[in-house]
Every structure is written in structure tokens, then in C-alpha cells.
**Q** 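Dropping the structure in here first, questions after.
Hydrogens, waters and symmetry mates play no part in the numbers below; they use all other heavy atoms, side chains included. Just so it is clear, the structure is predicted and the values come from calculations on it, not from any experiment. One-based numbering, in listed order, for ligands and for the atoms of each.
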Amino acid sequence: MTVAVYPGSFDPVTLGHLDIARRAASLFESVIVAVYDLPPKNLMFNTEERVALFQDAASSIPNVEVVSFHGLVVEFARKVGARAIVRGLRMGSDFEREFEMALMNRNMAPEVEVVSLMTRIEYQFLSSSLLKEVARLRGYYTNLVPENVLEALQEKLPLREQYLASQGG
Ligand code: ADP
């Protein structure tokens, strides 16, 4: 069975991530979405929440499984017998970092290939961090996230009025 790992922070999963997972699922027999437990980032959702949100959003794709992982992606890929690491590539913003990471990963695990899928045009500008910023400011982002993430963001964030009050505004 050809297994691929799709790693990331997914804080939270967006329609851009989901599109990559769906397309990877049409290329590989099994896709394991690997949610990085402690990325060097300020997280809005804890590991369990990030896993549950992706699981729920991808529940209609039968060959996608979502788990958390700790440590190096290549070690996780080896552990689950993955042939490939899948990454999404947004025009401009991701290329250099992804290239660098792919070469570093190849240096450690030459048997695991990195497969980059080009982002669909409608999700090119979409990142979880920008999404959270817009959500905090109560902007419009309904068309960029799955339904369950929309609800989770609304629950997570205090009402705008409470937020402004807490900021002294
Ligand atoms: P990381 O912390 O690894 O960058 P992310 O959750 O931000 O984790 O992204 C995981 C993967 O999904 C990366 O390969 C990233 O380039 C890709 N990705 C992020 N946003 C999008 C998007 N809008 N469309 C497609 N792929 C995306």
C-alpha cells in the first residue's frame, strides 16, 4: 500500500489544507494527516482540537486518517511506512522554505519523496495565521474554512465587544 504523510500545524485546518488532503487521497492509497503537536508558533487550538477539527472536516474522505505526531516528520514517515511527504505550495510565499525543508528531509531520509501539490487559485492567499487575524477582527472568512472550523472559531473567540472591552477600547 502506498502511504503518504501530510504534515502541518493546521491551526486550524482551512479549505486550502482540505483540498490538498483530498487531492493527495486521489494519488495515494492512504494519506495520514500528521498534526505537528508543538510547532514553534503561537497556537489558537491545542493538539487534540486541531486533530479533531481536521478529522471532522475530512470525514467524507475514506482513505484519510488524522493523527498527531511529535518530532521529525521523516521519522514519523518512516514509522508509518510512508513513501511520500505531501506539502501544499502557494505561489511565491512557500517555495523557498519548502525547497529548503525538502532538501533537509531528503538528506535525512532519501527513501521518502517530497510531493508538492500546487494550491488551487482560490486558496493562494489563504494561511491559518491570516485567517485567525481576520477571525479575531470579526472579518469575513466563511468561504475559506469548513463548517466545523467556522463554529470552532466563533466559540473560541470572545465577542468583539468583550474583546474591545478587555483591550480597554
Ligand atoms: P506548517 O506549520 O507546516 O507550515 P501549515 O498548517 O501552515 O503548517 O501548512 C501545512 C501544509 O499545508 C504546508 O505544506 C502548507 O504550505 C500547506 N498550506 C497552507 N495553506 C495552504 C493553502 N491555502 N492551500 C494549500 N496548501 C496550504
Side-chain angles (χ1 to χ4, degrees), residues 3-28 30-58 61 63-77 80 82-109 112-136 139-150 152-153 156:
V3 178
V5 166
Y6 176 32
S9 312
F10 306 118
D11 184 47
V13 57
T14 67
L15 289 182
H17 295 133
L18 206 55
D19 177 59
I20 298 293
R22 191 170 283 118
R23 285 160 57 199
S26 72
L27 295 173
F28 297 94
S30 165
V31 174
I32 303 176
V33 173
V35 179
Y36 189 10
D37 65 346
L38 294 173
K41 293 181 177 180
N42 282 332
L43 293 171
M44 178 179 277
F45 295 95
N46 68 31
T47 312
E48 291 69 37
E49 289 172 321
R50 286 178 287 132
V51 168
L53 287 172
F54 209 134
Q55 249 162 6
D56 204 21
I61 320 170
N63 54 336
V64 169
E65 189 190 338
V66 186
V67 297
S68 66
F69 81 104
H70 181 78
L72 288 171
V73 172
V74 285
E75 273 171 15
F76 178 78
V80 298
R83 181 73 193 86
I85 293 171
V86 169
R87 297 286 288 174
L89 209 55
R90 285 162 295 186
M91 193 161 49
S93 62
D94 288 332
F95 183 76
E96 283 189 19
R97 173 86 185 121
E98 291 294 329
F99 205 129
E100 201 176 77
M101 245 172 3
L103 293 180
M104 189 59 90
N105 283 338
R106 180 175 298 159
N107 190 47
M108 293 183 279
V112 182
E113 198 59 66
V114 174
V115 175
S116 297
L117 299 179
M118 312 306 161
T119 303
R120 283 168 72 106
I121 200 155
E122 57 268 47
Y123 305 132
Q124 283 290 345
F125 67 97
L126 174 59
S127 67
S128 294
S129 51
L130 189 54
L131 179 84
K132 285 180 284 187
E133 199 176 322
V134 172
R136 278 193 190 100
Y140 176 77
Y141 58 93
T142 312
N143 56 337
L144 303 175
V145 291
E147 186 70 33
N148 64 323
V149 171
L150 185 65
L153 279 166
K156 184 71 77 176

**Q** What I want to know is whether Thr14 and ligand 1 share at least one N or O pair that is separated by under 3.5 angstrom.
**A**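 Checking ligand 1 against Thr14, no N or O pair falls under 3.5 Å apart.
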**Q** Does atom CE of Met91 have more than 12 heavy-atom neighbours, drawn from other residues, nucleotides or ligands, at distances under 6.0 Å?
**A** no
**Q** Run the numbers for me: atoms of ligand 1, each under 4.0 Å from some heavy atom of Thr119, listed by number.
**A**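 By the 4.0 Å cutoff, the relevant atoms are 24 (N), 25 (C), 26 (N).
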**Q** Quick one, Leu150 and Tyr141 - any side-chain contact, counting heavy atoms below 4.5 Å?
**A** yes
**Q** Which ligand 1 atoms are under 4.0 Å away from a heavy-atom of Asp94?
**A**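 Near Asp94, meaning under 4.0 Å from one of its heavy atoms, ligand 1 has 16 (O).
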**Q** Other residues, nucleotides and ligands only: do more than 12 of their heavy atoms fall within 6.0 Å of CG on Asn42?
**A**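 Open.
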**Q** Is there at least one pair of N or O atoms, one from Leu89 and one from ligand 1, spaced under 3.5 Å apart?
**A** no
**Q** Taking Asp19 as the fixed residue, which of His17, Arg23, Arg22 is the one that meets the side chain to side chain donor-acceptor pair (under 3.5 Å) rule?
**A** Arg23
**Q** Atom CG in Asp37, atom CZ in Arg50: separation rounded to 0.5 Å?
**A**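 Rounded to the nearest 0.5 Å, the CG-CZ separation comes to 7.5 Å.
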**Q** Is Tyr6 close enough to touch ligand 1? Criterion: a residue heavy atom under 4.0 Å from a ligand atom.
**A** yes
**Q** For atom 27 (C) of ligand 1, what is the nearest protein heavy atom, given as residue, atom name and distance?
**A**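 Atom 27 (C) of ligand 1 sits closest to the protein heavy atom His17 CD2, 4.0 Å.
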**Q** Indicate the atoms forming the closest heavy-atom contact of Ala25 with Val64, along with that distance.
**A**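 Smallest heavy-atom distance, with atoms named: CB-CG2, 3.8 Å.
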**Q** Where does Arg90 meet ligand 1, judged by heavy-atom distances below 4.0 Å: at the side chain, the backbone, both, or neither?
**A**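 Only the side chain of Arg90 comes within reach of ligand 1.
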**Q** What is the nearest protein non-hydrogen atom to atom 8 (O) of ligand 1, stated with its residue, atom name and distance?
**A**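 Ranked first by proximity to atom 8 (O) of ligand 1 is Ser9 N, 3.0 Å.
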**Q** Under 4.0 Å, counting heavy atoms only: does Lys41 come that close to any atom of ligand 1?
**A**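 Judged by the 4.0 Å heavy-atom criterion, Lys41 does count as contacting ligand 1.
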**Q** From Arg90 CZ over to Ile121 CD1, what is the distance, rounded to the nearest 0.5 angstrom?
**A** 14.5 Å
**Q** Considering only heavy atoms, which of Ser127, Ser128, Pro7, Gly88 lies nearest to atom 10 (C) of ligand 1?
**A** Pro7
**Q** Taking only heavy atoms of Phe10 into account, list the atoms of ligand 1 that are under 4.0 Å away from them.
**A**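 Answer, ordered by atom number: 6 (O), 10 (C).
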**Q** Using 0.5 Å steps for rounding, measure from the CG atom of Leu18 to the CZ atom of Phe10.
**A** 10.0 Å
**Q** Could you list which atoms of ligand 1 come closer than 4.0 Å to a heavy atom of Ile20?
**A**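 The list of qualifying atoms is 25 (C), 26 (N).
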